[in-house]
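Count residues from 1 along the sequence. Every heavy atom of this structure was used, including side-chain atoms; hydrogens, water molecules and symmetry mates were not. Owing to the predicted nature of the structure, the values given are computational and were not obtained by experimental measurement.
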Amino acid sequence: MEDDLKRLLEQKKVELKIRQKRAAMQQLKERLIQDIERFHEKYRYVDEVEAEKIQDFISKLDFARPGQLNIKTNSGWIHDTVYLCFLMGSKELLEIYIFGKYDDIISDYDEWEIFSPYLLLIDEDFNHYVYIDEDGQMMESQILLNYIHQTDRLTDV
């Protein structure tokens, strides 16, 4: 009986942490929405599948230190629709991914930089990205995910 109560208590603790995390994330989202005029007309949040793709993409990038990328090549590619990722900040903030038009997100850069000094705009093709550092310098690059996947497979053998 006592073991059942302990398990129930642990389960309730986990559920409470999940609710608290969701509440904290919702507060950050509401703050973003309030700070940016006509937010819902321009941006939407990503679903779980898109979030997994973004996290996978970010995990393959080369970071010099937390939040700061090592950029090796410039592509000069013109973007249309991108995901905005915050590379620094609270755990909740790091899980907020904005999806919208590249031009709209860039025009609201002053709003975004409040939340994170390092921003990453990932193209919806998950091949190109724009990295914005703490000085507001924009660096465009292209990541060759197929090459990375092949290299990963070679090193796993």
- Query: Is the CD atom of E15 crowded by more than 12 outside heavy atoms at less than 6.0 Å?
  - Reply: yes
- More than 12 foreign heavy atoms under 6.0 Å from CZ of R31: is that the case here? no
- Item | No-hydrogen, no-angle side-chain donor-acceptor test under 3.5 Å, Y118 and E134 | yes
- Task: Go through I132 and W112 one step at a time and tell me if the side-chain contact (heavy atoms from CB on, under 4.5 Å) criterion holds.
- Result: CA-CA 11 Å; I132 306 173; W112 303 122; over 6 Å; no
- Message: Nearest 0.5 angstrom please: L119 CG to M138 CE, how far?
- Response: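 Nearest 0.5 Å value for the CG-CE distance: 10.0 Å.
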- Item | Test applied, side chain to side chain contact (heavy atoms under 4.5 Å, CB included); reference residue, V130; option that passes from L121, I122, V82, D123 |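 Going through the options one by one, the only one that passes is L121.
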- Query: Is any NZ, NE, NH1 or NH2 atom of the basic residue among R7 and D4 found under 4.0 Å from an Asp or Glu carboxylate oxygen of the other?
  - Reply: yes
- Query: Is any side-chain N of the basic residue among E50 and K53 closer than 4.0 Å to the acidic one's carboxylate O?
  - Reply: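 The answer is no: the pair does not qualify as a salt bridge.
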Could you list the donor-acceptor pairs under 3.5 angstrom formed between side-chain atoms of residues 89-103 and any protein atom two or more places apart in sequence or on another chain?
{"residue": "S90", "atom": "OG", "partner": "L93", "partner atom": "N", "Å": "3.1"}
{"residue": "E95", "atom": "OE2", "partner": "K21", "partner atom": "NZ", "Å": "3.2"}
{"residue": "Y97", "atom": "OH", "partner": "Q55", "partner atom": "NE2", "Å": "3.4"}

- Message: Per the ring pair (Phe, Tyr, Trp, His ring centres under 6.0 Å) rule, what does the pair list look like for residues 14-39, sequence neighbours excluded?
- Response: F39-Y43, F39-Y45
- Output yes when a side-chain donor or acceptor of D108 lies under 3.5 Å from a complementary backbone atom of E111, and no otherwise.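 Checking the backbone N and O of E111 against the side chain of D108, no donor-acceptor pair under 3.5 Å is found.
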- Message: Quick check against the 3.5 Å criterion: does D133 have a side-chain atom that pairs as donor or acceptor with the backbone of Q137?
- Response: yes
- Item | Members sharing V14's hydrophobic cluster (side chains within less than 4.5 Å) |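 Members other than V14 - counting any ILVMFWY side chain reachable under 4.5 Å - are I18.
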- Determine, stepwise, if the pair Y131 / L87 fulfils side-chain contact (heavy atoms from CB on, under 4.5 Å). CA-CA 10 Å; Y131 170 66; L87 293 181; 3.9 Å; yes
